[in-house]
Structures are given as structure tokens and as C-alpha cells.
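Every number for a ligand or one of its atoms is a count from 1 in the order of the listing.
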Amino acid sequence: MAHSNQRNCNSDNRLPQLAQAAQTILNINDLGNLWTAVTSTFNDLLKPDGLAVCYYRPDRVGQIELHGHNVPDAFLKRIASRPILWQKQQIITKPSSTAELISPIDHLLQQEGLHTMAIFPLSQNAQWLGGIALFWQTAVSLTPDQTAVGELLTRLVTHNIQNIRLFAAQKRALQREQQLNEFSRTLNELQDLPTILSYVAGIAAQLTSANTSKLGLIINDQVMMFYPYNIPTTTTLRPLMRGHGLPWEIVETGQPIQLNRYPDHPQAQTEMVKLGVTAFLGVPILVRDDVCLGTINLFKTAVGDRFHQRDLELVESLARQAGVSIQNSRLYTEFEQRTSALASALIRQEELDHLKNLFVQNMSHELRTPLGIIYGHAEMLASGALGSLENSQKESIAIIARRAQMLTYLVNDLTALMAAETQEMRRELIDLAALIQDLVADYGLQAKEAGLYMKTILPERVPQVNGNLTNLRRVFDNLVTNALKFTPPGGTITIRLWVETKRIQIEVSDTGIGIPAEQLGRIFERFYQVDSHAEYHHKGTGLGLALVKEIIVAHHGEVTVSSLTGEGTTFLISLPLAGKR
Ligand code: ADP
């Protein structure tokens with residue numbers, strides 16, 4: 001056996017064989033195939049009777065992959081548990097000078113009928129990756145050439161392991177980048193908060209190969225609620241009060257926590273330990289770097305499994321994106337709630353308005369008839385038709401009649417106001433020039449009696465407007481009666497009309513007492529009366545200008561006022577020309 005071994009190694013075709021072996025090893029880019037190539041190349045070049053590869057998995061602490069060829073599994077496991085396979089530097093053969101190192105497993109070798117063993121450690125830059133063990137049934141002494149061949153092959157294998165690891169790392173990085181992009185895209189499309197939270201919990205676990213995860217969301221600054229991924233339904237996920245457990249520690253410090261021996265930590269949660277959790281990674285969900293919305297908590301359950309720096313970086317990036325989404329979703333929900341509350345309030349307001357109008361209309365209707373009767377009877381009494389009256393009785397009757405009339409005005413104004421607000425107006429083409437002429441005719445006598453001069457300034461041709469004649473008459477009645485009321489004798493009331501950029505402008509101005517500037521903004525409000533005009537209040541209801549505004553707005557027009565105390569007041573009405581709105 002020993003002879004044939006040396007003969008083969010020294011034969012002339014060793015170099016091409018070596019070159020072939022090197023090529024085979026270097027062409028491989030995954031570990032599974034590498035172990036097959038190791039077996040075949042070592043078999044070809046060093047002719048062992050059995051071979052074993054042990055490979056230390058960098059991602060699983062303390063875990064070794066074993067691959068045997070022509071050696072029973074049980075034997076492999078037994079020698080793998082002995083320190084001999086952990087030799088990191090030497091090549092040992094028996095019988096050689098280092099034979100004593102083999103003695104602890106001598107009996108194991110003997111049981112399998114093996115006589116010689118050689119180990120070529122796989123190590124690079126002082127990092128131990130594993131070893132290749134060769135077994136012979138006979139006493140074999142490796143020549144320096146054979147040792148050199150073994151060492152060379154081992155170096156090539158080591159070199160390729162590094163390549164394969166780098167390649168795998170790059171592939172993983174690329175995959176993660178794709179998964180992260182996919183994550184951002186999906187996250188942007190989700191709006192419902194529970195869906196976002198469950199999605200983030202799931203993705204974070206999948207991207208870090210965690211077995212389970214839970215996303216903790218802070219509620220009212222005091223409690224953390226959990227959204228699980230892959231946690232058995234039999235496990236109860238209790239909310240955590242502020243200050244309790246690892247998640248709150250992450251929130252308080254704003255720093256991630258990574259544990260390779262989770263069960264040993266004093267804050268480890270019993271239910272998670274029961275699930276067999278070994279490693280933990282927890283990351284805060286921060287927005288704007290200072291507001292913490294919750295935590296992402298990841299768990300691994302395989303022995304020796306741990307989280308790496310790249311997992312931490314990845315989950316931190318997920319947490320940042322999740323933070324923005326959670327924030328947006330909350331703002332969106334808040335916005336929706338507010339909008340719907342506002343809409344309900346508006347609907348309620350409209351309902352109330354409608355009810356109020358109905359009430360006022362009904363009341364006005366009910367009041368009008370009895371008021372007419374009261375007024376009629378008062379007039380009859382005052383006329384003496386029912387017998388002559390004493391002076392004091394006449395005065396009382398006059399008061400009753402005046403007040404009854406005031407109430408009638410009020411009821412009329414209210415009815416008109418409600419009608420302008422709620423009813424669709426019948427419209428017709430209106431000649432405003434004629435309307436103004438009628439107005440002057442109607443109020444001319446009253447003005448004269450009050451010592452006032454009334455004048456109109458009209459263009460030769462006045463274009464028509466589209467509107468409701470009764471209502472527009474009401475507008476000018478109100479403006480002219482106010483002007484008459486608030487202008488001392490000797491004053492002038494002017495009604496001027498002109499056309500300006502497709503609108504008709506009508507101005508009613510007087511040289512009366514004017515309206516104080518600070519109250520000017522309120523005179524169109526219902527029931528508003530200027531304080532300093534108290535002596536005139538018995539003649540009005542405070543509804544006239546509100547009605548004016550209501551009617552003009554219903555005509556798609558505008559009404560404005562300007563006034564100077566002691567000098568006079570001007571109301572300006574602007575209406576669209578017929579067909580020009
Ligand atoms: P009223 O029935 O009291 O006249 P209005 O709504 O018509 O109610 O007017 C509101 C208030 O605006 C009046 O009470 C009055 O104080 C003031 N006002 C209206 N028109 C004039 C005006 N031409 N000159 C001075 N004050 C006016």
C-alpha cells in the first residue's frame with residue numbers, strides 16, 4: 001500500500017494530474033461541489049483509503065459540517081468530537097514524529113482498521129476554517145513531495161472557500177438590495193396600520209433568517225403592543241408597560257440590542273425562552289432620529305445561530321422606512337377622521353339650519369293672521385267707529401297699533417329672508433331703470449315731507465338683468481327707507497346706475513348720519529342695529545340689510561357699504577348683466 005502510494009505520486013504524470021486537480025477545485029463555486037472535488041482530487045493524488053472533511057460554518061457558531069468518504073458516519077462523528085481534528089497547524093501522520101498527538105484516537109482508528117492518519121488544516125489569515133483528514137489502512141509515510149501536494153491542494157481549497165464565501169456574500173447583498181427595494185415599494189402602497197406592522201415584522205424576519213419576530217408599537221407613550229410574525233397562536237403576546245423588558249430598554253436608549261445568548265439575559269421573556277429562542281436582535285423604530293414609535297424584535301431558535309452586523313444594518317434601514325410609513329398612516333387616519341367629523345358637523349349644521357328655517361316660516365305664518373286682526377281692531381277702535389275714545393285711550397290704542405305693525409314688519413322681513421334663503425326664485429328679465437323710476441315715485445312724497453331731496457343718475461340705455469322682481473324691489477325698498485330714516489332734513493338721497501365690465505352697478509347714497517367704521521362690518525348680520533342709532537330702532541327690525549345681502553347673493557351679485565359718520569352712507573350693489581354670468 002505504502003509502496004504503490006509513493007510510486008504513483010512520483011510518477012511522471014503527477015504534474016498534469018496536479019494541474020487538472022487545481023483547475024477542478026478552482027472552477028467550483030459552491031461548497032457542496034467543493035467537498036466532492038476535494039474527495040476526488042485527494043483520492044487521485046494521495047490515494048487514501050478513507051477521507052473526511054470538516055468545515056466550520058461561519059454563520060453558525062460552534063457548528064461543523066462533516067463529509068466523509070469511505071469512513072462510517074459514526075466513526076466520523078466520534079473523531080470529530082476529539083481535539084485532534086481541531087489541530088490548526090500541523091500535518092500529523094502516524095508513524096511520524098508527531099504520532100503521540102494521534103494516541104487519543106488511536107483506539108478509534110484501530111476499531112476501523114485504520115493505521116495512518118494525516119490532517120491538512122484549512123486555515124487562512126490565522127482564521128481556522130476546518131480540516132481535511134486522510135486515512136490509510138497500512139503504515140504510510142508521506143514523502144515531502146506528497147506532503148507538498150497535500151498542502152498545495154489544501155491551500156487551493158482554502159483559497160476557493162474564501163472565494164465561495166465572498167461570492168455568496170455578494171449574492172446575498174444583491175438579493176437584500178432587491179428585497180429592500182421591493183420592501184420600500186410595497187410599504188409605500190400600504191396605508192392600513194395593522195397591515196403595515198405585520199408586513200414589516202414578516203419582512204424583517206425573512207431578510208435576517210430569523211425564525212420569529214414581533215413589532216412593538218408604542219400606544220399613548222405608555223404601553224407597547226406587539227404584532228407577531230410566525231409566533232405560535234398558543235403563545236400569548238402580552239403588551240409591555242413602559243420601563244419593562246428589552247423593547248422598552250431599546251426605546252429608552254434609542255440603541256439596538258443584540259444578544260447571542262438570549263435566555264441568559266435577565267430581561268428575557270419567558271414565553272420567548274419557552275419557544276427555544278437563542279439569539280435576539282432588537283432595533284428602535286425612529287422618525288426624525290429622536291421620536292421613537294416602537295421596536296422591531298427578531299428571534300432565532302437554532303443553536304449557535306446568531307445575528308450579524310449586516311442584519312443589524314439591514315433592520316435599522318427597514319425600521320427607518322417603517323417609521324415613515326407608520327407616521328404617514330397615522331396622519332392619514334387622523335386626517336380621514338377629522339374630515340369625516342367635519343363632514344358630519346356640516347351635515348348636522350345644514351339639518352339644524354333647515355329645521356330653524358322651517359320653524360321660523362311656520363311661526364311667521366301663524367303670527368301673521370292674529371297680528372292682522374289685532375292691527376285691524378286697533379284701527380277700528382282708533383277710528384271711533386266703536387264709540388268715541390278719551391285721549392288716554394287713544395294713546396294706548398295708537399301704541400297697540402304701532403307695535404302690532406312693527407311685529408308685522410318683523411314677520412314679513414323674516415318670511416322674506418327665509419324665502420330668499422331657501423326657495424328657488426322665479427326669474428325674469430328686469431328693467432332696472434323702470435324699477436328705480438317707480439321707487440322715486442313711491443318715496444318721492446315721503447322724502448319731500450321729510451325735507452329730503454331725491455335724485456337719480458341713469459345712463460340713457462340700461463341693460464336688463466335676470467332676477468326676481470319682488471325680491472329686487474325689496475332690496476331697494478330697504479336701502480331707500482334706511483336712507484330716509486337716517487338722513488336729517490335738507491339732505492340728499494341719490495340713486496346712481498352705470499355699467500362696468502359686464503356688470504351693472506347701482507349705488508344708493510345719502511348725506512345722513514353715517515355708520516361708525518367699527519360697526520360697518522356687522523350691519524349685514526341678522527338683527528344687528530348700530531348702537532348709536534338707538535333712537536331710530538323702533539322703526540326697524542335689524543333684518544333689512546341681512547335680507548338685502550341674501551337676495552343679492554342669490555342673484556350672484558355683491559353688496560358693499562362705505563360710510564363716514566356725519567357725512568353719509570353709500571351702498572353699492574353689483575349685479576351680472578342678463579346672460580353674462
Ligand atoms: P333696521 O331695520 O334697523 O334699519 P337694517 O338691517 O336695515 O335694520 O340696518 C341695520 C342697521 O344699520 C340699522 O339699524 C342702522 O343702524 C344702520 N344703517 C342702515 N342703513 C343706514 C344708513 N343709510 N345710514 C346710517 N345707518 C344705517
Side-chain angles (χ1 to χ4, degrees), residues 360 364 367-368 371 402-421 436 439-440 442-444 446-457 470-497 505-555 557-574:
V360 174
S364 310
L367 284 172
R368 196 179 286 156
L371 276 173
R402 202 167 56 239
R403 292 291 163 166
Q405 196 164 36
M406 257 186 74
L407 277 175
T408 310
Y409 290 152
L410 181 67
V411 167
N412 286 344
D413 278 358
L414 271 176
T415 314
L417 196 61
M418 293 304 125
E421 194 180 277
I436 289 169
L439 205 65
V440 176
D442 290 348
Y443 289 98
Q446 200 180 328
K448 208 171 169 186
E449 278 172 8
L452 297 169
Y453 174 58
M454 238 178 135
K455 68 171 183 184
T456 56
I457 307 172
T470 319
N471 279 340
L472 285 178
R473 233 191 226 134
R474 238 183 218 126
V475 166
F476 293 104
D477 275 348
N478 268 300
L479 294 180
V480 172
T481 43
N482 275 347
L484 289 170
K485 235 186 326 186
F486 298 106
T487 309
T492 306
I493 296 166
T494 314
I495 304 170
R496 188 160 79 94
L497 186 150
Q505 316 276 58
I506 314 115
E507 205 180 69
V508 179
S509 57
D510 60 54
T511 54
I513 59 175
I515 301 166
E518 66 280 5
Q519 298 190 50
L520 213 48
R522 301 200 55 189
I523 56 166
F524 292 103
E525 288 173 20
R526 292 177 186 183
F527 299 108
Y528 191 82
Q529 293 180 311
V530 175
D531 309 335
S532 50
H533 299 173
E535 60 180 295
Y536 302 90
H537 284 172
H538 64 277
K539 291 180 187 164
T541 61
L543 283 173
L545 288 179
L547 181 60
V548 166
K549 182 151 187 184
E550 199 78 52
I551 293 172
I552 295 301
V553 169
H555 279 80
E558 273 172 38
V559 53
T560 50
V561 61
S562 55
S563 183
L564 272 179
T565 341
E567 298 212 358
T569 304
T570 301
F571 286 91
L572 174 65
I573 285 171
S574 163

Inset, instruction - Take the angle between the ring planes of F571 and F524 and call it parallel below 30°, perpendicular above 60°, tilted in between. - result: perpendicular
List every atom of ligand 1 that sits less than 4.0 Å from any heavy atom of [X], numbering the atoms from 1 in the order shown and giving each element.
X    : result
I515 : 18 (N), 25 (C), 26 (N), 27 (C)
K485 : 1 (P), 2 (O), 4 (O)
G544 : 5 (P), 6 (O), 7 (O)
Y528 : 10 (C), 11 (C)

Legend entry - ligand 1 contact on V548 by region, counting heavy-atom pairs under 4.0 Å: neither
Counting heavy atoms only, which of [options] comes nearest to [atom]?
atom                    : options                : value
atom 26 (N) of ligand 1 : H533, K549, R522       : H533
atom 1 (P) of ligand 1  : G542, G512, A534       : G542
atom 7 (O) of ligand 1  : T481, I513, N482, T565 : N482

Inset, instruction - For ligand 1, find out whether one of its N or O atoms is nearer than 3.5 Å to an N or O atom of L545. - result: yes
Inset, instruction - Measure the distances from the heavy atoms of N478 to every atom of ligand 1 and state whether one is below 4.0 angstrom. - result: no
Legend entry - Residue-ligand contact G514/ligand 1, heavy atom below 4.0 Å: yes
Inset, instruction - For T487 and L484, indicate whether the former's side chain and the latter's backbone hold a donor-acceptor pair under 3.5 Å. - result: no
Legend entry - Under 3.5 Å: donor-acceptor pair, side chain of D510, backbone of I493: no
Inset, instruction - Considering non-hydrogen atoms only, spot the tightest contact between V440 and M454 and give its length. - result: CA-CE, 4.3 Å
Legend entry - Student check: side-chain heavy atoms of I523 and V530 closer than 4.5 Å: yes
Legend entry - Pair E550 + R474: basic N to acidic O under 4.0 Å: no
Inset, instruction - Check whether more than 12 heavy atoms from other residues, nucleotides or ligands sit under 6.0 Å from atom CD of Q505, and answer yes or no. - result: yes
Legend entry - OG-CG distance between S562 and L520, expressed to the nearest 0.5 angstrom: 7.5 Å
